[in-house]
Amino acid sequence: MTRPARRTALLCALAAATALLPAAPVGAAEPRSPLRFTDCPDSVPRPAAPERVECGRISVPLDSRRPRGPRIEVAVSRVRASGTPAERRGILLVNPGGPGGSGLPYAVTKRAKLPESVRRAYDVVGFDPRGVGQSTPVSCGPMGGLFDSPGGDPVPAGARAERAYLSSLRAMADDCAAHAGRLLPHLSTEQTAYDMDAIREALGEPRTSFLGVSYGSYLGAAYSARFPHRVGRMVLDSVVGPWDWYDFDVIQSRALLRQRGTFFAWAADHGERFGLGGTPGAVREAYLRVRRGLAARPVAGFGPAEFDRAVYRALGRTERWAGLADGLRGYLADGDPDGLLPATAFDGPESRNYEAANRVVKCADGPGPSARDIVTDLRRTRRLDPQPVLTGMEANACASWHHRPGHRTPLGSPDAPPVLLVASAHDPVTPVEGAHSMRRLLPGSRLVTLDDDYSHGVFASRGNACVDDTVADYLVRGTVPSADVRCAGPGLPTVR
């Protein structure tokens, strides 16, 4: 793949006229049901002194349409603003992505990376979305064998394999219905948006400012659809497009093929370092030898499904590429996949909850595909490349889901104030076209693009001053750039 030309840091330079969002009031309205904070569970890290994190819980309706019906609990964390009262801009809710990601620790871990001006201005508030972690966690049991070790080959080739694949999806849907119970219809992103507003109200704040990464961008767009006049300043980073989840998963699977091709070319450019070959074709063949070997003889439960998960994770962040290349070389040298193994077990309790919540949320957000859709798209993808990475095709399970949502989760609103969207030009996990599509639902918003970048997660993540300064200026001062912003990215990773 030809690398795009590097751009200058800020094409709009922020010197042109800018719009200013009104400053959020420093004072806070009296909450109806105050959120009482205490110590956090051990899963939440402690910030550096003198700052401290505190946690609490709120009770919310299981179904926002039935406020007097059954209720569930949502866990909340907070690190207070470090600045003076005059500097305070309110609360900044944060979400790390998913769906299924735990946000309770994120108030600490993400805050530590934020620019100092943002830390001084905002109480950073994390929360576990409903169904996740400490917030009435959902289970799908064995999920149709998803946690078998080694798992079956996730890329079906041929009619018999396709039938077995569809059968496993039906089993997953059956398991989710059996184990999730009453939660199954009520874990949609729309319902979580209502929970976000309940957190705002419990904290006595007039508006919600928000930083959502990956799936968090989808959640932010859902909040703006339901509560446009309560949006403060909203940053949507690594934006999920406003499509049905199944369509998004297909788009992502094709982007991963492009990213893997870029990885093959990069590893070939550094053939002396990695020893996988001097051409992209040679590196691809080395990659396929590893996968074929693990499919024929899994090692300690590590087979083709586990290999594809490792590749999926590595392709999303370029700082993981050297580790992936070294892992491939190590297996080819001695048959040991140790360099490819994940840091935590896939069948652990946190992973089981994540995978369950991921499917339950996606299938509650809108209609799923048909079995014919799935087979047709599998064959189209395999025509592009016979050995794709299909790990992210989670919404396939919605084809056999027991609950059929009555409507799609609404996204965006013309009544919301201008939002700042942030994207990496070559992000394979949330391709940049999703940001362009989402912006059309948020009139007046601006897009900050990190050019010549190939990673997922940008603001306060890639260490890019152009991006971080632009976003901080928006969050702290309300400065909306007069035009879209393009920042010069780092290019492909250097090799030591």
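Computation of the quantities below employed the complete heavy-atom set of this structure, encompassing side-chain atoms and omitting hydrogens, waters and symmetry-equivalent molecules.
- Trp245 and Tyr218 have their aromatic ring centers within a separation under 6.0 angstrom.
- By the 4.5 Å heavy-atom criterion applied to side chains, Met143 and Arg359 are counted as neighbours.
- A distance of 7.0 Å separates OG1 of Thr409 from CG of Leu411, quoted to the nearest 0.5 Å.
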Show, in sequence, the C-alpha distance, side-chain angles and deciding distance for Arg254 and Leu384, and conclude whether the side chain to side chain contact (heavy atoms under 4.5 Å, CB included) test is met.
CA-CA 8 Å; Arg254 310 283 168 77; Leu384 294 173; 3.3 Å; yes
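- Residues Ser64 and Gln191 bring a donor and an acceptor atom of their side chains to less than 3.5 Å of each other.
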List, one per line, each side-chain donor-acceptor pair under 3.5 Å for residues 92-107, sequence neighbours excluded.
residue, atom, partner, partner atom, Å
Asn95, OD1, Gly97, N, 2.9
Ser102, OG, Asp128, OD1, 2.7

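- With contacts defined as side-chain heavy-atom distances shorter than 4.5 Å, the pair Val138/Leu187 qualifies.
- A 6.0 Å sphere centred on CZ of Arg320 holds more than 12 heavy atoms belonging to other residues, nucleotides or ligands.
- Side chains of Ser424 and Ser455: a donor-acceptor N/O pair is absent below 3.5 angstrom, by distance only.
- Taking NE2 of His426 as the reference point, atom OG1 of Thr449 lies at 10.5 Å (rounded to 0.5 Å).
- Between Val60 and Ile199 the shortest side-chain heavy-atom distance does not fall below 4.5 Å.
- Counting only heavy atoms from C-beta outward, the side chains of Leu421 and Ser217 never approach each other to under 4.5 Å.
- At most 12 heavy atoms of other shown residues, nucleotides or ligands fall within 6.0 angstrom of atom CG in Asp42.
- Taking a 6.0 Å sphere around CD of Glu272, one finds it holds 12 or fewer heavy atoms contributed by other residues, nucleotides or ligands.
- Listed by chain and residue number, Ser214, Ser238, Asp427, Val429, Thr430 satisfy the side-chain contact (heavy atoms from CB on, under 4.5 Å) test with His456 (two or more places apart in sequence, or in another chain).
- In this structure the side chain of Phe307 reaches within 4.5 angstrom of the side chain of Tyr287, judged on heavy atoms.
- No hydrogens or angles considered: a donor-acceptor pair under 3.5 Å links the side chains of Ser461 and Arg317.
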Would you please test Asn464 and Val458 for side chain to side chain contact (heavy atoms under 4.5 Å, CB included) and show each step?
CA-CA 8 Å; Asn464 185 276; Val458 182; 5.8 Å; no
Before giving the answer on side chain to side chain contact (heavy atoms under 4.5 Å, CB included), spell out for Asp347 and Arg352 the whole-Å C-alpha distance, their side-chain angles and the decisive distance to 0.1 Å.
CA-CA 6 Å; Asp347 63 351; Arg352 285 178 176 270; 3.9 Å; yes
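- Note on residues 254-300: no pairs pass disulfide (SG to SG under 2.5 Å), not counting sequence neighbours.
- In this view, Ser370 and Asp373 satisfy the side-chain hydrogen bond (donor to acceptor under 3.5 Å, both in side chains) rule, not counting sequence neighbours.
- A donor-acceptor contact closer than 3.5 angstrom links the side chains of Tyr246 and Asp377.
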Please tabulate, for side-chain N and O atoms in residues 387-401, each donor-acceptor pair with protein atoms closer than 3.5 Å (sequence neighbours left out).
residue, atom, partner, partner atom, Å
Thr391, OG1, Asp308, O, 3.4
Glu394, OE1, Lys362, NZ, 2.5
Asn396, ND2, Tyr165, OH, 2.6

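- The structure places SG of Cys55 at 10.5 Å from CZ of Arg78, a figure rounded to the nearest 0.5 Å.
- The list of disulfide (SG to SG under 2.5 Å) pairs with a residue in residues 163-198, not counting sequence neighbours, reads Cys140-Cys176.
- Met196 is not listed as a side-chain neighbour of Phe227, based on a closest heavy-atom distance of 4.5 Å or more.
- Other residues, nucleotides and ligands contribute only 12 or fewer heavy atoms inside 6.0 Å of the CD atom of Glu350.
- Stacking of Arg226 on the aromatic ring of Tyr194 is not recorded, the 6.0 Å distance cut-off and the 45° axial limit not both being met.
- Between Tyr223 and Met234 there is a side-chain heavy-atom pair separated by less than 4.5 Å.
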Show your reasoning for whether salt bridge (Lys or Arg N to Asp or Glu O under 4.0 Å) applies to Arg379 and Glu162.
CA-CA 10 Å; Arg379 292 175 179 175; Glu162 290 166 353; 2.7 Å; yes
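- Separation of atoms CE (Met172) and OG (Ser167) is listed at 11.5 Å; rounding is to 0.5 Å.
- In this structure, Arg182 and Ile72 have side chains that are in contact, with non-hydrogen atoms separated by less than 4.5 Å.
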Phe263 and Val311: CA distance, side-chain angles, deciding distance, side chain to side chain contact (heavy atoms under 4.5 Å, CB included) verdict:
CA-CA 11 Å; Phe263 166 76; Val311 171; over 6 Å; no
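- Side-chain atoms of Gln259 come within 3.5 Å of backbone atoms of Leu315 as a donor-acceptor pair (strictly under, hydrogens ignored).
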